[in-house]
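Here is the structure we will look at, set down as structure tokens.
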Amino acid sequence: MTLRELFDYPYFVLLPMRQKLLAVGLLALARKGVGVAHPVYLKNKILSVEADELSVAEIEADLEAIQKALPVKVFTKEDGERFYRWLA
């Protein structure tokens, strides 16, 4: 998925601002469509200014909402590490 495709995706506009920022960050950090989905990593890497005010549970909830709205899937490998993959 390109940044243009993300902005043109019909459900992107329905996301709250923080989830939009997180989705853009997921796209920017992905390598060949795949990236690390650890909430603390994403919180510090993408939302560093707000990082102290956000809980891991809030980031988890944002990732869940993004998965429902956009073609991205969060998954856990056998070793417990979490990743995401853009499906488009």
Side-chain angles (χ1 to χ4, degrees):
M1 174 169 279
T2 66
L3 189 56
R4 172 62 139 191
E5 291 170 329
L6 178 62
F7 280 104
D8 287 342
Y9 202 80
Y11 298 109
F12 181 76
V13 298
L14 302 176
L15 294 172
M17 186 58 66
R18 186 176 74 215
Q19 291 174 5
K20 286 179 184 172
L21 179 60
L22 187 56
V24 169
L26 292 176
L27 186 61
L29 294 173
R31 302 264 179 169
K32 296 184 181 180
V34 177
V36 175
H38 192 281
V40 174
Y41 170 79
L42 295 173
K43 179 174 114 168
N44 291 325
K45 194 75 169 171
I46 299 170
L47 304 167
S48 58
V49 174
E50 297 179 347
D52 293 337
E53 301 169 10
L54 296 174
S55 69
V56 170
E58 288 174 297
I59 301 299
E60 289 281 4
D62 287 344
L63 286 172
E64 190 65 34
I66 289 168
Q67 283 187 93
K68 290 178 181 175
L70 301 173
V72 64
K73 176 73 175 152
V74 175
F75 60 95
T76 304
K77 286 191 163 185
E78 291 178 11
D79 61 4
E81 288 198 56
R82 295 184 66 205
F83 294 89
Y84 63 89
R85 176 183 307 279
W86 286 97
L87 304 175

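Along the sequence shown, the residues carry numbers beginning at 1.
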Partners passing salt bridge (Lys or Arg N to Asp or Glu O under 4.0 Å) against Arg31 (at least two apart in sequence or in another chain):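 Not a single residue meets the salt bridge (Lys or Arg N to Asp or Glu O under 4.0 Å) criterion with Arg31.
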
Contacts under 3.5 angstrom, residues 57-74 side chains, donor-acceptor by atom type, not counting sequence neighbours:
from: Glu58; atom 1: OE1; to: Ser55; atom 2: N; distance (Å): 2.7
from: Glu58; atom 1: OE1; to: Ser55; atom 2: OG; distance (Å): 3.4
from: Glu60; atom 1: OE1; to: Arg82; atom 2: NH1; distance (Å): 3.0
from: Glu60; atom 1: OE1; to: Arg82; atom 2: NH2; distance (Å): 3.4
from: Glu60; atom 1: OE2; to: Arg82; atom 2: NH1; distance (Å): 2.7
from: Asp62; atom 1: OD1; to: Arg18; atom 2: NH2; distance (Å): 3.3
from: Asp62; atom 1: OD1; to: Gln19; atom 2: NE2; distance (Å): 3.0
from: Asp62; atom 1: OD2; to: Arg18; atom 2: NE; distance (Å): 2.7
from: Asp62; atom 1: OD2; to: Arg18; atom 2: NH2; distance (Å): 3.1
from: Gln67; atom 1: OE1; to: Val74; atom 2: N; distance (Å): 2.9

Counterpart residues, side chain to side chain contact (heavy atoms under 4.5 Å, CB included), relative to Lys77 (two or more places apart):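 Partners of Lys77 under the side chain to side chain contact (heavy atoms under 4.5 Å, CB included) test: Phe75, Asp79, Phe83.
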
Side chain to side chain contact (heavy atoms under 4.5 Å, CB included) against Val40, all qualifying residues, sequence neighbours excluded: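 Only His38, Asn44, Val56 meet the side chain to side chain contact (heavy atoms under 4.5 Å, CB included) criterion with Val40.
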
Minimum side-chain heavy-atom gap Ile46-Tyr41 below 4.5 Å: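 SC-SC contact between Ile46 and Tyr41 ruled out.
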
Side chain proximity check, Leu26 to Tyr84, heavy atoms < 4.5 angstrom: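 A side-chain contact exists here, since the closest heavy-atom pair is under 4.5 Å.
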
Nonpolar side-chain network containing Met17, other nodes, edges under 4.5 Å: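 Cluster partners of Met17: none, it stands alone.
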
From CG (Leu29) to NZ (Lys45), nearest 0.5 Å: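 One gets 6.5 Å once the value is rounded to the nearest 0.5 Å.
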
Taking every non-hydrogen atom, the tightest pair across Arg85 and Val34: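 Smallest heavy-atom distance, with atoms named: NH1-CG2, 3.2 Å.
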
Neighbour count above 12 (heavy atom, 6.0 Å) for Lys20 NZ: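 Result for NZ/Lys20: enclosed.
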
Summary of salt bridge (Lys or Arg N to Asp or Glu O under 4.0 Å) pairs that have at least one residue in residues 6-16, sequence neighbours excluded: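 Residue pairs with at least one partner in residues 6-16: Arg4-Asp8.
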
Pair listing, ring pair (Phe, Tyr, Trp, His ring centres under 6.0 Å) test, anchored in residues 4-24, at least two apart: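 Those involving residues 4-24 are Phe7-Phe12.
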
